[in-house]
Participant: 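Pasting in a structure now, in structure tokens, and then I'll have a few things to ask.
Reminder, nothing fancy here: chain letters follow the sequence lines and each chain counts from 1.
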2 protein chains.
Amino acid sequence: MTAGEVDVAVETRLTSVEQRYTAKRRVLVEILRRSTRPLTMPEMLEQGDGLAQSSVYRNMVVLEQAGVVRRIVTGDEFARFELAEDLTGHHHHHLVCTSCGAVADFIVPQEIEDLLESALVGVAEAHEFAVDGHRLDLSGLCRRCR
Amino acid sequence: MTAGEVDVAVETRLTSVEQRYTAKRRVLVEILRRSTRPLTMPEMLEQGDGLAQSSVYRNMVVLEQAGVVRRIVTGDEFARFELAEDLTGHHHHHLVCTSCGAVADFIVPQEIEDLLESALVGVAEAHEFAVDGHRLDLSGLCRRCR
DNA sequence: ATTTATGCAAATCGTTTGCAAACCT
DNA sequence: AGGTTTGCAAACGATTTGCATAAAT
């Protein structure tokens with residue numbers, strides 16, 4: 001999606017939750033849109049000029065509730081944020097380095113995704129669980145740490 | 001594995017990291033062995049009679065480093081712990097409730113696991129990443145919350 | 001006897017929250 | 001104006017840590 005298309009979609013989602021698409025929120029969304037991996041709070045603060053830490057945290061809650069961003073919690077010190085997959089169009093997963101905490105994106109062949117998806121549907125039913133997504137992470141050592 | 005077999009394996013692993021298999025640690029391992037799902041700190045404190053909170057946290061670090069337990073971090077307030085898979089013999093995944101934080105175990109057909117595993121090997125190589133495990137979670141609403 | 005584990009209480013630190021000023025409509 | 005968002009500083013809470021005592025070898 002182009003920046004413009006993302007903006008329109010974000011605006012729609014925020015509106016549907018009675019929230020405004022403010023200048024600060026635009027900055028945050030744009031920062032995430034440009035990134036090829038989830039970003040930590042310090043990373044977002046560094047790139048967003050003069051944004052207060054508390055505002056970023058608060059806006060992430062709002063954006064998360066509106067379905068605009070996704071929060072990634074690993075064992076690392078910081079949570080990470082990325083744009084929701086349906087805004088980027090790229091279904092992906094994460095490589096998590098157990099040494100430095102770095103998180104990178106990766107994708108698996110569509111064929112595998114489909115098999116997995118169908119297997120998970122059955123599992124969810126058996127457990128009477130209303131699934132709204134799955135998460136597949138690889139953990140290990142990244143190039144720099146190994 | 002029986003309680004006895006687990007104990008032997010745990011002792012070996014602790015020894016190899018120059019750690020002792022103390023009474024408190026035995027209690028913690030036994031609590032985890034009996035559970036069919038990962039346990040939070042409050043849950044472990046409740047079941048372990050008179051264990052100090054700090055000791056449990058400290059022992060979890062030791063047991064984790066020895067490869068005896070695995071730490072599960074979700075978006076929930078507490079981390080959760082379970083016995084390492086090679087001590088239970090059951091490779092499994094987690095259903096995570098986004099409302100109450102509950103975590104339940106599930107398994108997927110071996111055939112799917114195998115396909116997934118081989119796909120992930122390729123991904124890891126492409127990213128020059130030294131994989132030591134994968135994590136597949138389903139998120140959604142559990143029976144009680146939906 | 002010397003090292004290691006434990007309990008208690010205090011410290012840490014990412015994240016959340018209260019409040020007054022700035023902003024939008 | 002009336003309500004929302006922002007920045008600052010203080011509060012929160014899960015986890016960690018310092019230190020004195022207890023346990024293990």
Side-chain angles (χ1 to χ4, degrees), chain A residues 7 10-11 13-31 38-66 68-81 96 100-103, chain B residues 7 10-11 13-31 38-66 68-81 96 100-103:
Chain A
D7 267 358
V10 170
E11 176 129 48
R13 293 182 196 195
L14 282 171
T15 304
S16 77
V17 199
E18 341 235 46
Q19 289 285 348
R20 298 174 185 167
Y21 195 15
T22 66
K24 312 283 181 170
R25 288 174 189 169
R26 283 174 197 277
V27 170
L28 291 170
V29 166
E30 181 57 16
I31 288 173
L39 298 177
T40 62
M41 193 59 41
E43 287 170 337
M44 301 185 74
L45 286 171
E46 213 172 281
Q47 293 182 48
D49 46 346
L51 278 150
Q53 189 184 49
S54 63
S55 295
V56 178
Y57 273 112
R58 264 192 281 236
N59 281 325
M60 282 302 131
V61 171
V62 170
L63 292 171
E64 190 183 11
Q65 286 173 345
V68 172
V69 308
R70 180 180 175 199
R71 180 189 303 256
I72 314 284
V73 180
T74 67
D76 198 31
E77 48 191 346
F78 298 103
R80 282 151 212 268
F81 297 89
V96 180
C100 70
V103 176
Chain B
D7 266 358
V10 170
E11 176 129 46
R13 293 183 195 195
L14 282 172
T15 304
S16 77
V17 198
E18 342 235 44
Q19 289 285 346
R20 299 171 184 168
Y21 195 16
T22 66
K24 312 282 180 170
R25 289 175 186 168
R26 282 174 197 276
V27 170
L28 291 171
V29 167
E30 182 57 15
I31 288 173
L39 298 177
T40 62
M41 194 58 42
E43 286 170 339
M44 301 185 74
L45 285 171
E46 212 171 282
Q47 293 181 47
D49 44 346
L51 279 149
Q53 190 184 52
S54 62
S55 296
V56 179
Y57 273 111
R58 263 192 281 235
N59 281 324
M60 281 303 129
V61 171
V62 170
L63 292 171
E64 191 182 11
Q65 287 174 343
V68 172
V69 307
R70 180 180 175 201
R71 179 189 303 257
I72 314 286
V73 179
T74 66
D76 198 29
E77 47 190 346
F78 297 105
R80 281 151 213 269
F81 298 89
V96 181
C100 70
V103 176

Participant: When you measure from every atom of DNA chain D, which of residues 73-81 of chain B have a heavy atom less than 4.0 Å away?
Facilitator: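 Here the set is B:Glu77, B:Phe78, B:Ala79.
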
Participant: Tell me: OH of B:Tyr21 to C1' of C:dA5, nearest whole Å?
Facilitator: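 Taking OH of B:Tyr21 and C1' of C:dA5, I get 15 Å after rounding.
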
Participant: Measure distances between side-chain N and O atoms of B:Ser54 and base N and O atoms of C:dC8, and say whether any donor-acceptor pair falls under 3.5 Å.
Facilitator: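 Answer yes: a donor N or O sits under 3.5 Å from an acceptor.
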
Participant: From B:Lys24 NZ over to B:Arg26 CZ, what is the distance, rounded to the nearest 0.5 angstrom?
Facilitator: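 Rounded to the nearest 0.5 Å, the NZ-CZ separation comes to 13.5 Å.
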
Participant: Is the shortest side-chain heavy-atom distance between B:Gln19 and B:Leu63 below 4.5 Å?
Facilitator: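 The answer is no, as the side chains (C-beta and beyond) never meet within the 4.5 Å cut-off.
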
Participant: Rounding to a whole Å, what distance do you find between A:Met60:CE and C:dG14:C1'?
Facilitator: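 Rounding to the nearest Å, CE of A:Met60 and C1' of C:dG14 are 15 Å apart.
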
Participant: Tell me the closest heavy-atom pair linking A:Val61 and A:Arg71, and the distance in Å.
Facilitator: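 Minimum heavy-atom contact is CG2-NH2, 3.9 Å.
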
Participant: Can you tell me how far C1' of C:dA5 sits from CG of B:Leu28, to the nearest Å?
Facilitator: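 Nearest whole value for this atom pair: 13 Å.
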
Participant: Indicate whether OP1 or OP2 belonging to C:dA5 is found under 4.0 Å from a side-chain N or O atom of B:Asn59.
Facilitator: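 No, because none of the side-chain N or O atoms of B:Asn59 sits under 4.0 Å from OP1 or OP2 of C:dA5.
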
Participant: Are the side chains of A:Met60 and A:Leu28 in contact, using a 4.5 Å heavy-atom criterion?
Facilitator: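 With C-beta onward as the side chain, the pair touches.
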
Participant: Take atom CD of A:Gln53 and atom P of C:dT16, then tell me their distance rounded to the nearest Å.
Facilitator: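 Between P of C:dT16 and CD of A:Gln53: 10 Å.
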
Participant: Using the closest heavy atom to pick a nucleotide of DNA chain D for each, name whichever of B:Met41 or A:Thr22 lands nearer the 5' end.
Facilitator: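 Between the two, 5'-proximity favours A:Thr22.
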
Participant: Through what angle, rounded to 10 degrees, does the axis of the helix from C:dA1-D:dT25 to C:dT25-D:dA1 turn between its ends, using five pairs per end?
Facilitator: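 One end's axis against the other's: 30°.
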
Participant: Which atom names give the shortest non-hydrogen contact between B:Met44 and B:Leu39, and what distance separates them?
Facilitator: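 For B:Met44 versus B:Leu39, the nearest heavy atoms are CG-CB, 3.9 Å.
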
Participant: Which heavy atom of B:Pro38 sits nearest to which heavy atom of B:Val103, and what is that distance?
Facilitator: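 For B:Pro38 and B:Val103, the tightest heavy-atom pair comes out as CG-CG1, 3.7 Å.
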
Participant: Looking at B:Lys24, I'd like to know whether one of its side-chain N or O atoms comes within less than 4.0 Å of OP1 or OP2 on C:dG7.
Facilitator: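 Yes, within the criterion.
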
Participant: May I have the distance from B:Glu18 (atom CD) to C:dA5 (atom C1'), rounded to whole angstrom?
Facilitator: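 Whole-Å distance recorded here is 16 Å.
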
Participant: Rounded to whole Å, please give me the gap between CD in B:Gln19 and P in C:dT3.
Facilitator: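 Atom CD in B:Gln19 sits about 16 Å away from atom P in C:dT3.
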
Participant: One pair to check against side chain to side chain contact (heavy atoms under 4.5 Å, CB included): A:Leu14 and A:Glu11. What are the steps and the verdict?
Facilitator: CA-CA 5 Å; A:Leu14 282 171; A:Glu11 176 129 48; 6.0 Å; no

Participant: Does C:dA5 have its OP1 or OP2 closer than 4.0 Å to a side-chain nitrogen or oxygen of B:Arg25?
Facilitator: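 Checking B:Arg25 against C:dA5: at least one side-chain N or O falls below 4.0 Å of OP1 or OP2.
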
Participant: What are the bounds, 5' to 3', of the part of DNA chain D that sits under 4.0 Å from heavy atoms of chain A?
Facilitator: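 Range of nucleotides touched by chain A: D:dT4 to D:dA9.
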
Participant: Quick check on DNA chain C: between B:Arg20 and B:Gly50, whose nearest nucleotide comes earlier from the 5' end?
Facilitator: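 On the 5' side of the pair lies B:Arg20.
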
Participant: So, does B:Arg25 use its side chain to make a donor-acceptor pair with the main chain of B:Asn59 at under 3.5 Å?
Facilitator: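 Pair absent, no side-chain N/O of B:Arg25 close to backbone of B:Asn59.
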
Participant: Considering all heavy atoms of both residues, which atom of B:Gln65 and which atom of B:Val17 are nearest to each other, and what is their separation?
Facilitator: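 So the minimum-distance heavy-atom pair works out to O-CG2, 4.5 Å.
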
Participant: Starting at CG of B:Leu45, measure out to OH of B:Tyr57 and round the result to the nearest 0.5 Å.
Facilitator: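 Answer for the CG-OH pair, B:Leu45 versus B:Tyr57, is 8.0 Å.
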
Participant: Measure from OH on B:Tyr57 to P on C:dA10 and round the result to the nearest Å.
Facilitator: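 Checked: the OH to P distance equals 18 Å.
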
Participant: Could you check whether A:Arg58 gets within reach of a base, just the sugar-phosphate, or nothing at all, counting any heavy atom under 4.0 Å?
Facilitator: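 Here A:Arg58 touches the bases of the nucleic acid.
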
